[in-house]
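Quick note: residue numbers are just sequence positions, from 1.
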Amino acid sequence: MSYCINPQCNTRPNEAGRSRCQSCGTSLLIGDAAKRYRLLRPLRPLDSWSATEIFEAELVSEEMGTPVTPAISDASAIADAPASVEAVAAEGETPDAASPDSRSPEEEMPKGEAPKGETPDAEAPSNRRVLKLLKQERLLPLFKQEAEALAQLNHPGIPALEPDGFFAVDLAPWPEPMYCLVMDYIEGDTLDSWLANHRPIKQKQAEDWLRQLAGIVQHLHQNSFFHRDIKLANLMRQPDGQLALIDFGTVQPITDAYLAQIGRQGELISGVSPGYTPPEQSNGKAVPQSDFYAVGRSLIHLLTGQHPAEFDTDADGHLHWRPSAPKISPKLAQLIDDLTAPAPGQRPTTADAILQCLDDGLRAVPNRALKPKIVGLVLLNLGLLLLHMFVFGWWYAAWQGQPSDSQMPDAAIIEAERAEPKLLDPDSPGPDANTPEP
């Protein structure tokens, strides 16, 4: 199945293999001569009020149709992108032998597209992309900001911008240009969908996912960006268990100008996701540590199975979530509380600090295993104390049973002195023979 890119089209789904929309006639191939994309299905419900639409798309071969639009690939060129770039061929284009309309259904179907309206199977994942469509030109600065960030970042947990993946399209019935971002397709489920089908995570998985998220945020911050909208809906679990962060629509460069701006009046535009957005961001003063708050709140959601907005807060602004995850070690719980501290200055200063805490042996013995060990240690120490007291008492009693000189009576002392042999001094005169013996 192919979807029409025209938001005003009355019937946007089309049969597989068509080159133009059967309802409005808009070309179903989006891109330029070298790369063109077919929209396969929306990745979120289509909403006329939403500023953007996100589709799973397929990269099709260049011979399928005629060139439709030049593309912009260099990150520096994104900022200078023209307000409008022709994206679709003229409505009166005549098909020739190389055009899609002259091909058989088998030739018209792009490689990897499943028949009968099904999405492509896993045999051709390299052709799959994500195309994000901006419908409101007033948000173009944020859209360019997202394109610049994705063009500079290089991390397996962040979707890469497709080369020549930022371009504009003009549609006849649409009053203003629309812009497209094409990026890598990440296989997997968002964590909110994953959690709906699984139990809350446990200690080991929480530590693993925290380490992964800290690594992704570390890469972001080291490249002078922060996300500002981390939540379960923007986190994906890939088939190999690795996490990915998506939807960089609110990404913000960390610049002196930005920091000066929030110091004066706050941000001009700031995304808010209840339960995940920190207080300073709600007030238009998001900082890099705002991402740590959202990471911590995401872990609370995963550990408890409850949305963070469902918990009460104490007088200091800390979330009262620990009773809902009683088997989590105190050290991990404390780290999460540090991440979600109300003030940015109370949170870890960098992602490196979070990773260092994990490397230093964050995990304590689980509570259920900790209690019997504590009882055993207490009993052992009590036994040693009793043994020491017994030995000391026995020694003291034995010591008290031996009399000392001070305890002997005077008569006994005199007898002891008489019984001792006296040594004669060789220089003293001997006994006088004239002296009668007593």
Once side-chain hydrogen bond (donor to acceptor under 3.5 Å, both in side chains) is applied, do any residues pair with T349, and if so which ones, sequence neighbours excluded?
none
State, without any angle test, whether D291 and H221 hold a side-chain donor-acceptor pair at a distance under 3.5 Å.
yes
Any side-chain heavy-atom pair from K327 and Q203 closer than 4.5 angstrom?
no
Do Q145 and F225 have side chains that get closer than 4.5 Å, going by heavy atoms?
no
Yes or no on side-chain contact (heavy atoms from CB on, under 4.5 Å) for I246 and V130, after CA distance, side-chain angles and deciding distance?
CA-CA 11 Å; I246 61 173; V130 171; over 6 Å; no
Can you check whether Q289 reaches F226 side chain to side chain, under 4.5 Å on heavy atoms?
no
Would you say L171 and C24 make side-chain contact, with heavy atoms under 4.5 Å?
no
Examine Y276 together with H307 and report whether their ring centres are nearer than 6.0 Å.
yes
Residue pair R38 / L29, side-chain heavy-atom distance below 4.5 Å:
yes
Check for a donor-acceptor pair, side chain of R347 on one end and backbone N or O of A341 on the other, with a separation under 3.5 Å.
yes
Can you see whether T11 engages Q22 through a side-chain donor-acceptor pair at a distance of less than 3.5 angstrom?
no
Derivation and outcome, side-chain contact (heavy atoms from CB on, under 4.5 Å), residues K144 and Y179
CA-CA 9 Å; K144 290 181 178 180; Y179 293 83; 5.7 Å; no
Applying the side chain to side chain contact (heavy atoms under 4.5 Å, CB included) criterion to L131, which one of L40, L43, I54, L39 satisfies it?
L39
Quick one, D337 and W321 - any side-chain contact, counting heavy atoms below 4.5 Å?
yes
Report yes or no: does N223 contribute a side-chain atom to a donor-acceptor pair with the main-chain N or O of H219 at less than 3.5 Å?
yes
Is the side chain of Q281 donor-acceptor paired with the backbone N or O of P278 at a distance under 3.5 Å, no angle test?
no
Would you mind reporting whether P279 and Y293 have side-chain heavy atoms less than 4.5 Å apart?
yes
Can you check whether Y3's main-chain N or O pairs, donor with acceptor, with R12's side chain at less than 3.5 Å?
no
For a side-chain contact (heavy atoms from CB on, under 4.5 Å) check, start with the C-alpha distance between F248 and L181, then their side-chain angles and the critical distance, and finish with the verdict.
CA-CA 11 Å; F248 283 69; L181 277 181; over 6 Å; no
If you measure only the distance, is there a donor-acceptor pair under 3.5 Å linking the side chains of N10 and S23?
no
Salt bridge (Lys or Arg N to Asp or Glu O under 4.0 Å) partners of residues 299-321, not counting sequence neighbours, each pair once:
none
Keeping R20 on the side-chain end and G25 on the backbone end, is there a donor-acceptor pair under 3.5 Å?
yes
Got a salt bridge between K285 and E280, using NZ or NE/NH1/NH2 to carboxylate O under 4.0 Å?
no
Please, which pairs that meet salt bridge (Lys or Arg N to Asp or Glu O under 4.0 Å) have at least one residue in residues 149-158, sequence neighbours excluded?
none
Can you tell if the side chain of H227 reaches within under 4.5 Å of the side chain of V217, non-hydrogen atoms only?
no
For the student: nearest non-hydrogen atoms of C180 and L133, plus distance
SG-CD1, 3.8 Å
